[in-house]
Visitor: 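Can you read through this structure? Questions will come right after.
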Amino acid sequence: MLFNRARFFSLALGVPAALLCASGALAGGVVGPTELDTIGVFVPTTRTFFLRNSNSPGAANVTVSFGPAGSEPAMGDFNGDGSDTIGVYVPATGRFYLKNTNTPGAATINFRFGPASSTLDAIVGDWNGASGDSIGLYDGVNGKFLLRNTNASGFADLTFSFGAKNAGLIPLRGNWSGGDSIDGIGVYNPATGVFFLKDSPAAGAADFTFRFGPAGAGLIPVVGNWDDDDTDTIGLYNPTTGVLFLRNTNSSGPADLTFTFGGAGLTPVAGNWDGQ
């Protein structure tokens with residue numbers, strides 16, 4: 001699970017030396033019985049992912065560069081094998097580059113969806129309960145989701161409005177109540193610190209509305225199954241300090257996990273990187 005709005009915050013100037021291990025690597029809904037998601041970061045300037053297999057500070061378990069210039073992260077379980085893998089979206093060309101392994105090399109799938117020179121934000125989820133995640137776009141100006149059930153060019157399979165227009169909202173996806181193979185959607189308002197989550201990919205009222213974290217602090221939302229309980233819950237990342245605040249319920253309250261991973265200007269991602 002992930003947030004992939006890299007344009008919303010400033011680009012990274014580099015990777016803090018404290019995050020590098022001896023090899024030069026950053027020490028950093030899922031199919032199957034184990035569904036624990038863990039964090040990672042994406043460096044926009046170098047298009048490098050640093051992925052960690054536990055929600056704790058330390059060295060990255062996976063370091064991989066992927067994607068052309070101008071890429072934003074768009075990660076998911078694209079082939080339904082239980083592991084989330086790297087992918088990117090390039091707004092300038094409207095193209096997605098998705099890979100079925102967390103390794104360097106050419107994209108497994110490469111296609112265009114939506115307009116070029118786009119101001120839309122990419123989102124990835126399982127919109128129809130099929131095996132594997134597929135892509136979508138969020139139009140913040142009109143408050144509209146455009147979701148596709150296959151990772152290929154074509155028209156959106158689901159188009160609906162959710163959330164306010166022109167409000168600077170950030171799109172989210174997740175299995176908010178657990179026990180469902182279809183991901184719901186949501187939005188986060190950074191100006192107010194309020195989350196609006198809906199259990200299905202459809203228009204209508206939010207099923208969860210709550211505030212988590214400070215308003216107007218420039219924090220970035222991140223979503224994952226942090227405690228392996230079959231439910232995706234929210235978190236926040238401070239792009240100035242690299243501190244993550246993860247919560248195990250979709251409600252107001254203190255963070256259940258707080259730790260540092262990454263550094264200034266990086267974009268947080270989350271997923272089950274090792275299928276365990």
Side-chain angles (χ1 to χ4, degrees), residues 1-8 29 70-80 84 87-98 107 109-177 180-191 194-209 220-223 232 234 250 269 271:
M1 321 307 179
L2 72 160
F3 162 67
N4 42 19
R5 189 171 181 168
R7 294 192 305 278
F8 192 79
S71 291
E72 301 180 359
M75 310 172 76
D77 181 4
F78 302 117
N79 62 358
D84 291 311
V88 297
Y89 167 66
V90 182
T93 60
R95 297 196 72 87
F96 285 84
Y97 299 82
L98 311 179
I109 311 167
N110 170 7
F111 61 94
R112 178 174 169 179
F113 176 68
S117 300
S118 176
T119 60
L120 307 185
D121 296 307
I123 187 168
V124 174
D126 189 344
W127 314 124
N128 63 355
S131 179
D133 293 330
S134 53
I135 53 86
L137 293 169
Y138 174 70
D139 177 358
V141 172
N142 296 297
K144 184 174 291 187
F145 285 83
L146 303 98
L147 308 179
R148 184 142 173 82
N149 288 332
T150 57
N151 289 311
S153 297
F155 295 103
D157 296 289
L158 296 169
T159 301
F160 58 91
S161 297
F162 181 76
K165 301 178 181 179
N166 288 305
L169 306 183
I170 297 172
L172 307 169
R173 72 90 183 236
N175 189 344
W176 311 123
S177 295
D180 196 342
S181 60
I182 297 177
D183 285 321
I185 49 84
V187 292
Y188 168 72
N189 188 336
V194 175
F195 287 82
F196 303 85
L197 310 179
K198 185 165 175 58
D199 281 329
S200 60
D207 295 293
F208 301 88
T209 301
I220 307 175
V222 60
V223 170
D232 294 323
I234 52 84
N250 288 313
V269 296

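What you see below is based on every heavy atom in this structure, not just the backbone, and it leaves out hydrogens, waters and symmetry mates.
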Visitor: Where do Asn175 and Asp126 land on the side chain to side chain contact (heavy atoms under 4.5 Å, CB included) test, with the steps shown first?
Guide: CA-CA 10 Å; Asn175 189 344; Asp126 189 344; over 6 Å; no
Visitor: Can you list the steps and then say if Ile234 with Leu197 is a side chain to side chain contact (heavy atoms under 4.5 Å, CB included)?
Guide: CA-CA 10 Å; Ile234 52 84; Leu197 310 179; 4.2 Å; yes
Visitor: For Pro201 and Ile182, work out which heavy atoms get closest and say how close.
Guide: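 Residues Pro201 and Ile182, closest heavy atoms: CD-CG2, 3.8 Å.
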Visitor: Side chains of Leu98 and Phe111: closer than 4.5 Å at any heavy-atom pair?
Guide: yes
Visitor: Give me the ring orientation class for Phe160 and Phe145: parallel if the planes are under 30° apart, tilted from 30 to 60°, perpendicular past 60°.
Guide: parallel
Visitor: Could you list the residues that satisfy side-chain contact (heavy atoms from CB on, under 4.5 Å) with Asn79, not counting sequence neighbours?
Guide: Asp77, Asp81, Asn100
Visitor: Output yes when a side-chain donor or acceptor of Trp176 lies under 3.5 Å from a complementary backbone atom of Ser200, and no otherwise.
Guide: no
Visitor: Within the structure provided, determine whether Phe195 and Asn250 are in side-chain contact (heavy-atom separation under 4.5 Å).
Guide: no
Visitor: Could you tell me if the side chain of Pro171 sits less than 4.5 Å from the side chain of Phe162, heavy atoms only?
Guide: no
Visitor: Working to the nearest 0.5 angstrom, can you tell me the gap between Thr209 OG1 and Asn189 CG?
Guide: 11.5 Å
Visitor: Could you work out, with side-chain contact (heavy atoms from CB on, under 4.5 Å) as the rule, every residue matching Ala116, not counting sequence neighbours?
Guide: Arg112
Visitor: Taking all heavy atoms of Gly129 and all of Ser181, pick out the closest pair and write down the distance.
Guide: CA-OG, 3.7 Å
Visitor: Suppose we screen for salt bridge (Lys or Arg N to Asp or Glu O under 4.0 Å). Which residues come up paired with Asp157, at least two apart in sequence or across chains?
Guide: Arg148
Visitor: Which atoms form the tightest heavy-atom contact between Val88 and Ser71, and what is the distance?
Guide: CG2-OG, 3.5 Å
Visitor: Any side-chain heavy atom of Val223 within less than 4.5 Å of one from Arg173?
Guide: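 They are not in contact (no side-chain heavy atoms under 4.5 Å apart), so the answer is no.
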Visitor: Starting from the C-alpha separation in whole Å, work towards a yes-or-no answer on side chain to side chain contact (heavy atoms under 4.5 Å, CB included) for Tyr89 and Val124.
Guide: CA-CA 10 Å; Tyr89 167 66; Val124 174; over 6 Å; no
Visitor: Do Leu147 and Ile123 have side-chain heavy atoms sitting under 4.5 Å apart?
Guide: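 The answer is yes; the side chains approach within 4.5 Å.
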Visitor: Which pair of heavy atoms, one from Tyr138 and one from Gly143, lies closest together, and at what distance?
Guide: OH-CA, 3.9 Å
Visitor: If you compare all heavy atoms of Asp84 against all heavy atoms of Gly271, which two are closest, and at what distance to 0.1 Å?
Guide: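 Heavy atoms only, the tightest pair is OD2-CA, 3.2 Å.
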Visitor: Looking at Arg95 and Val90, would you say the former's side chain and the latter's main chain have a donor-acceptor pair under 3.5 Å?
Guide: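 Checked: no pair found.
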Visitor: Please check if the side chain of Asp207 supplies one atom and the backbone of Asp199 the other of a donor-acceptor pair under 3.5 Å.
Guide: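 Present.
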Visitor: Please find the pair of heavy atoms, one from Phe96 and one from Gly136, that lie closest to each other, and give the distance.
Guide: CZ-O, 3.9 Å
Visitor: Spell out, as yes or no, whether a donor-acceptor pair under 3.5 Å connects the side chain of Trp127 to the backbone of Ile135.
Guide: yes
Visitor: In this structure, which one of Leu137, Asn151, Leu120 forms a side chain to side chain contact (heavy atoms under 4.5 Å, CB included) with Phe113?
Guide: Leu137
Visitor: First locate atom CG of Leu146, then atom OG1 of Thr159, and finally report the distance between them rounded to the nearest 0.5 Å.
Guide: 4.5 Å
Visitor: For Ser161, is there any backbone N or O sitting under 3.5 Å from a side-chain donor or acceptor partner on Asp139?
Guide: no
Visitor: Could you state the interatomic distance from CG (Asp183) to CG (Leu172), rounded to the nearest 0.5 Å?
Guide: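 Taking CG in Asp183 and CG in Leu172, the distance rounds to 11.5 Å.
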